[in-house]
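Because only heavy atoms are used, hydrogens play no part in the values below, and waters and symmetry mates are left out as well, while side chains stay in. First listed ligand is number 1; within each ligand, the first listed atom is number 1.
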Amino acid sequence: MGQSENEQARAQEPGAGELPPGQRLQRGWPVLHYGPVPRFKPLTWEFQVFGATASGDKHSWNHEGFMTLPRTTVTADLHCVTRFSMLGSRWGGVSTATVLELAPPAPDVTHVMVWAEYGFSSNLRLADFADPSSLFATHRNDEPLTVEHGFPVRMVVPHLYAWKGPKWVRGVEYMTADRRGFWEERGYHNIGDPWAEQRYSYQEVPGDGPEL
Ligand SMILES: Nc1nc2c(c(=O)[nH]1)N[C@H]1C(S)=C(S)[C@@H](COP(=O)(O)O)O[C@H]1N2
Ligand SMILES: [Mo]
């Protein structure tokens, strides 16, 4: 398939294949994160859903359990706030809709905190978390994620900057009020919409996030 046909196929995906303002196309897939790469420990690994669940109970899956959940595929882009974008990845994994269905939130939940190894976290509005293209990815382009890119599970929220997609995810906390995650406490925008160039917290307007 020629380049232009490729581009056309992408253009048919809603919102996919276009560069948000101030972004440039990246060839290949850079590795970017804060801190060391965690080692996967299959015997103790758990994916937990906790906080304001509908039942009040914590839900958890071990690795085998998580890998047998219903699966989905989403073709989507990744936009890093440092200005590189990667277009048209085929992400495979578990949709947030599946997690919300199997571990329902209480009715007053408005936000979630996605937790990863070493205490890395990122907060999302419930609607951004529940977006049909948001998923817990285990695969990209039909290959399992490498450990640098988040194996065994990373979050992908295609319509927000990529720091909103923690690698090495271990759980989701349902929240009844917003709270800032790791980068959101350290100068990055609480919402992080790349199409509105919501890069830094000084750009926030009242209502975008909790006081710093
Ligand atoms: N656990 C964790 N996840 C993270 C980060 C991090 O520092 N720690 N950085 C984020 C940022 S800023 C980006 S751009 C993407 C990069 O993903 P990649 O290394 O697979 O390209 O991971 C995101 N997920
Ligand atoms: Mo990033």
Side-chain angles (χ1 to χ4, degrees), residues 16 19-41 44-49 63 66 73-94 96 99 112-125 128-129 131 133-173 179-203 209:
L19 283 178
Q23 295 295 112
R24 58 185 133 66
L25 193 60
Q26 175 80 38
R27 302 227 165 265
W29 189 8
V31 171
L32 203 76
H33 55 263
Y34 175 83
V37 173
R39 204 156 63 89
F40 172 54
K41 302 193 190 83
T44 55
W45 189 93
E46 273 189 317
F47 185 103
Q48 299 194 334
V49 184
H63 188 240
F66 191 85
T73 302
V74 172
T75 299
D77 306 335
L78 186 140
H79 308 297
C80 174
V81 72
T82 65
R83 299 183 183 275
F84 75 81
S85 289
M86 183 174 77
L87 300 182
S89 296
R90 238 173 77 84
W91 302 103
V94 176
T96 53
V99 170
V112 310
M113 189 74 77
V114 180
W115 287 100
E117 301 282 358
Y118 299 135
F120 184 87
S121 62
S122 186
N123 58 316
L124 294 163
R125 297 179 292 197
D128 289 323
F129 177 78
D131 189 277
S133 62
S134 299
L135 81 159
F136 295 102
T138 60
H139 287 67
R140 175 180 171 264
N141 295 346
D142 304 316
E143 304 269 1
L145 294 174
T146 60
V147 68
E148 295 79 20
H149 288 299
F151 178 85
V153 179
R154 78 173 296 159
M155 175 120 210
V156 177
V157 183
H159 68 290
L160 299 179
Y161 282 119
W163 85 78
K164 291 286 187 183
K167 305 194 276 192
W168 314 295
V169 172
R170 291 292 298 274
V172 178
E173 177 185 357
R179 222 167 69 220
R180 288 175 189 268
F182 183 87
W183 288 120
E184 295 82 2
E185 272 187 334
R186 290 168 176 77
Y188 288 92
H189 197 283
N190 192 56
I191 295 170
D193 176 356
W195 301 96
E197 282 208 81
Q198 293 176 333
R199 296 176 187 274
Y200 308 110
S201 52
Y202 66 73
Q203 299 171 291

Engineer: Is a side-chain N or O of K164 found less than 3.5 angstrom from the main chain of N190, in a donor-acceptor match?
Structural biologist: yes
Engineer: Taking all heavy atoms of G150 and all of K167, pick out the closest pair and write down the distance.
Structural biologist: CA-CB, 3.6 Å
Engineer: Do any nitrogen or oxygen atoms of P30 lie less than 3.5 angstrom from nitrogen or oxygen atoms of ligand 1?
Structural biologist: yes
Engineer: As an exercise, identify every atom of ligand 1 less than 4.0 angstrom from a heavy atom of V31.
Structural biologist: 19 (O)
Engineer: Considering only protein heavy atoms, which is closest to atom 1 (N) of ligand 1, and at what distance to one decimal place?
Structural biologist: K167 O, 3.1 Å
Engineer: Residue-level breakdown please: for Y161 versus ligand 1, do any non-hydrogen atoms fall below 4.0 Å on the side chain, on the backbone, on both, or on neither?
Structural biologist: neither
Engineer: In terms of ring plane angle, is the pair W45 and F40 parallel, tilted or perpendicular, where the classes change at 30° and 60°?
Structural biologist: perpendicular
Engineer: Report the nearest protein non-hydrogen atom to atom 2 (C) of ligand 1: residue, atom name, distance rounded to 0.1 Å.
Structural biologist: F120 CD2, 3.4 Å
Engineer: Return yes or no for this condition: an N or O of G165 is under 3.5 Å from an N or O of ligand 1.
Structural biologist: yes
Engineer: For ligand 1, which atoms have a heavy atom of R154 less than 4.0 angstrom away?
Structural biologist: 15 (C), 16 (C), 17 (O), 18 (P), 20 (O), 22 (O)
Engineer: Taking the six-membered ring for Trp, are Y200 and Y202 ring centroids under 6.0 Å apart?
Structural biologist: yes
Engineer: Give a yes or no on whether the ring-centroid distance for F136 and F47 is below 6.0 angstrom.
Structural biologist: yes
Engineer: May I ask you to check whether W29 has an N/O atom sitting below 3.5 Å from an N/O atom of ligand 1?
Structural biologist: yes
Engineer: So which atom in A76 and which in W91 form the shortest heavy-atom distance, rounded to 0.1 Å?
Structural biologist: O-NE1, 3.6 Å
Engineer: Provide, to 0.1 Å, the distance between atom 10 (C) of ligand 1 and the closest protein heavy atom, together with that atom's residue and name.
Structural biologist: W163 CA, 3.6 Å
Engineer: Could you list the atoms of ligand 1 found under 4.0 angstrom from a heavy atom of C80?
Structural biologist: 14 (S)
Engineer: Any chance you could lay out the side chain to side chain contact (heavy atoms under 4.5 Å, CB included) test for V99 and V49, step after step, and finish with the verdict?
Structural biologist: CA-CA 8 Å; V99 170; V49 184; 3.9 Å; yes
Engineer: Looking only at distances, can you tell me whether any N or O atom of Y34, backbone or side chain, sits closer than 3.5 Å to an N or O atom of ligand 1?
Structural biologist: yes
Engineer: Could you tell me the residue and atom name of the protein heavy atom closest to atom 9 (N) of ligand 1, and the distance to it rounded to 0.1 Å?
Structural biologist: L32 O, 3.7 Å
Engineer: Testing N141, D142, T73 one by one against R90 for a side-chain hydrogen bond (donor to acceptor under 3.5 Å, both in side chains), which residue passes?
Structural biologist: D142
Engineer: Classify the angle between the aromatic ring planes of F120 and W183 as parallel (below 30°), tilted (30 to 60°) or perpendicular (above 60°).
Structural biologist: perpendicular
Engineer: With heavy-atom distances below 4.0 Å as the criterion, list the atoms of ligand 1 near H33.
Structural biologist: 5 (C), 6 (C), 7 (O), 8 (N), 9 (N)
